[in-house]
Amino acid sequence: MLERSRELLYALVAVVFISIVYLVMVALERDLPPARELYGHAMGIFGFLLMLMTETLYTARKNLKSARLGKMNSWLEFHIFTGIVGPYLVLLHSAWSFNGLAGLVMLLTGVIVFSGFIGRYIYSAIPRTAEGIELSLDELELRIADVENRIHLVGDLASADANLRALDKQRTRLRRQANGIVNARRLLALWHLVHVPIGLTLFALAVVHIVSAIYYASLLH
Ligand code: HEM
Ligand code: HEM
């Protein structure tokens, strides 16, 4: 279970580390670091770059389809890591003030992270290989047949209770996946229709915020 959620664990460690540094800064300055000053700016820029990587890298890997570029699973884990840490840095950058367009960009950022967690849940209902490639229903049926064969083989041996129970559990899980595969795929496609446009709107508005922030807040002061 922990192995399957390790990107969440790494993200949590990064969030705790960033929070400690942030609290030290607040204690030293006796105030929240403002968005337009050195620390606030740095958090905004670094967070935005992580978000930009979240938006582009996984999709690029998906389209390139070359195994030499690493497992799809690892890219999705990285997507989730940067998709949590980037928005968290940007949240600290806002100095907890959410006015105007920047406030709307922050809200959309919160929505896309929340939506990401829902997508991750649906995604995990679709059976895949260790590399993260989707299994077809036929491949799934083959796996079920293989487990059933092993159940027969193990069943012939005495004192094989634990093995039988493990195989039986595996068979139940595979059957559940085979029954739900069509709906899960449909649901994930539907979820993409929401998640992807939110990302695009978010980045379009973020660019407006950044350009106007640099223009008004930095250059004119
Ligand atoms: C998706 C990324 C970003 C989000 C969601 C975001 C969000 C915000 C928010 C909520 C505020 C506070 C607005 C207020 O209530 O006054 C703010 C302020 C600011 N942001 Fe960002 N920001 C992002 C990226 C950036 C980047 C990359 C830069 C710099 C290049 C930047 C520069 C600024 C500046 C200078 C201010 C201060 C504006 C002022 O005090 O009038 N932001 N941002
Ligand atoms: C800044 C935040 C985020 C942005 C901009 C973002 C953007 C995107 C985009 C553009 C896609 C479509 C990829 C494609 O199919 O080509 C995607 C897919 C996905 N995202 Fe995110 N995401 C963010 C955060 C998250 C988070 C926090 C999670 C999980 C907790 C997450 C989980 C997923 C999942 C499971 C998929 C579907 C993968 C697939 O169908 O192959 N995302 N995201």
Side-chain angles (χ1 to χ4, degrees), residues 5 7-12 15 32-65 71-73 75-126 128 131-134 184-221:
S5 303
E7 75 280 9
L8 295 185
L9 189 68
Y10 292 157
L12 183 69
V15 163
L32 298 174
R36 68 171 77 185
E37 286 178 13
L38 184 67
Y39 293 134
H41 241 143
M43 290 189 288
I45 293 169
F46 194 53
F48 179 71
L49 288 178
L50 288 180
M51 284 174 59
L52 211 55
M53 287 161 73
T54 314
E55 176 74 7
T56 52
L57 294 185
Y58 176 69
T59 305
R61 169 65 184 91
K62 235 177 143 173
N63 292 332
L64 286 172
K65 292 196 169 80
K71 286 187 201 169
M72 285 280 277
N73 262 357
W75 284 86
L76 185 59
E77 283 177 7
F78 188 64
H79 173 91
I80 294 173
F81 176 82
T82 52
I84 293 174
V85 179
Y88 186 61
L89 280 167
V90 164
L91 177 67
L92 298 183
H93 152 78
S94 75
W96 312 96
S97 161
F98 308 109
N99 297 311
L101 177 77
L104 177 63
V105 180
M106 194 66 248
L107 177 70
L108 287 178
T109 304
V111 170
I112 204 160
V113 172
F114 180 72
S115 150
F117 276 91
I118 296 175
R120 185 178 179 274
Y121 182 74
I122 305 171
Y123 181 93
S124 67
I126 298 175
R128 289 163 209 272
E131 272 70 41
I133 313 291
E134 271 188 41
R185 276 200 193 129
R186 227 179 262 155
L187 207 57
L188 192 67
L190 206 66
W191 172 85
H192 267 251
L193 285 182
V194 179
H195 192 72
V196 175
I198 296 175
L200 294 175
T201 315
L202 155 65
F203 281 96
L205 295 180
V207 168
V208 177
H209 160 64
I210 293 165
V211 170
S212 59
I214 293 173
Y215 189 71
Y216 291 109
S218 305
L219 297 182
L220 295 187
H221 278 261

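Numbering of ligands and ligand atoms starts at 1, following listing order. Atom set for the values below is all heavy atoms of this structure, side chains included, hydrogens, waters and symmetry mates excluded. Counting from 1, the numbers follow the sequence of the chain as shown.
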Examine the proximity of ligand 2 to L202 and report which part, side chain or backbone, both or neither, has a heavy atom under 4.0 Å away. neither

Select one of side chain, backbone, both or neither to describe which atoms of Y123 lie under 4.0 Å from any atom of ligand 2, heavy atoms only. side chain

Are I210 and Y215 packed together at the side-chain level, in the sense that at least one heavy-atom pair is separated by less than 4.5 angstrom? no

Is any side-chain heavy atom of S94 less than 4.5 Å from a side-chain heavy atom of L92? no

Taking the minimum heavy-atom distance to [atom], which of [options] ranks first?
atom: atom 33 (C) of ligand 1; options: M106, R36, H93; result: H93
atom: atom 11 (C) of ligand 1; options: A213, A95, G47, A102; result: A102
atom: atom 25 (C) of ligand 2; options: H192, R128, H79; result: H79
atom: atom 39 (C) of ligand 2; options: K62, E7, M53, R185; result: K62

Under 3.5 Å, N or O to N or O, is [X] touching ligand 2 that way?
X: R120; value: no
X: E55; value: no
X: W191; value: no

Under 3.5 Å between any N/O of N99 and any N/O of ligand 1: does that happen in this structure? yes

For the 3.5 Å polar cut-off, considering only N or O atoms, please tell me whether T109 and ligand 1 meet it. no

Atom 21 (Fe) of ligand 2 -> H195, closest N, O or S atom is NE2

For [atom], what is the closest protein heavy atom, and at what distance to 0.1 Å?
atom: atom 3 (C) of ligand 2; result: T54 CG2, 3.5 Å
atom: atom 26 (C) of ligand 2; result: G116 CA, 3.8 Å
atom: atom 12 (C) of ligand 2; result: V196 CG2, 3.8 Å
atom: atom 13 (C) of ligand 2; result: T59 OG1, 3.3 Å
atom: atom 2 (C) of ligand 2; result: I112 CG2, 3.6 Å
atom: atom 41 (O) of ligand 2; result: Y58 OH, 2.6 Å

Check E134 with R185, please: is the shortest side-chain N to carboxylate O separation under 4.0 Å? yes

Decide, yes or no, whether a salt bridge links E7 with R120 under the criterion of side-chain N to carboxylate O below 4.0 Å. yes

For atom CZ of F203, is the number of surrounding heavy atoms from other residues, nucleotides or ligands below 6.0 Å larger than 12? yes

Starting at CG of L12, measure out to CG of L8 and round the result to the nearest 0.5 Å. 8.5 Å

d(I45 CD1, L50 CG) to nearest 0.5 Å is 12.5 Å

Heavy atoms only: give me the nearest [X]-[Y] pair and the separation to one decimal.
X: Y58; Y: M72; value: CE1-O, 3.9 Å
X: I198; Y: V194; value: CG1-O, 3.1 Å
X: A95; Y: L32; value: O-CD1, 3.8 Å
X: G83; Y: T54; value: N-OG1, 3.4 Å
X: F48; Y: V90; value: N-CG2, 3.7 Å
X: P33; Y: G40; value: CB-N, 4.3 Å

Out of all atoms in ligand 1, which are within 4.0 Å of some heavy atom of [X]? Include the element for each.
X: V90; value: 2 (C), 3 (C), 4 (C), 5 (C), 6 (C)
X: G44; value: 27 (C)
X: A35; value: 18 (C), 19 (C), 36 (C), 37 (C)
X: F98; value: 15 (O)
X: F48; value: 1 (C), 2 (C), 27 (C)

Below 4.0 angstrom from a heavy atom of [X], which ligand 2 atoms are there? Numbered from 1 as shown, please.
X: G119; value: 35 (C)
X: L188; value: 40 (O)
X: F203; value: 5 (C)
X: I84; value: 27 (C)
X: M51; value: 1 (C)

Can you list the steps and then say if F78 with M53 is a side-chain contact (heavy atoms from CB on, under 4.5 Å)? CA-CA 9 Å; F78 188 64; M53 287 161 73; 3.7 Å; yes

Run the numbers on H195 and S115 for side-chain hydrogen bond (donor to acceptor under 3.5 Å, both in side chains), then give the verdict. CA-CA 7 Å; H195 192 72; S115 150; 2.7 Å; yes

Here's one to test your reading of the geometry: is the NZ or CZ of R128 within 45 degrees of the ring axis of Y123 and under 6.0 Å from its centre? yes

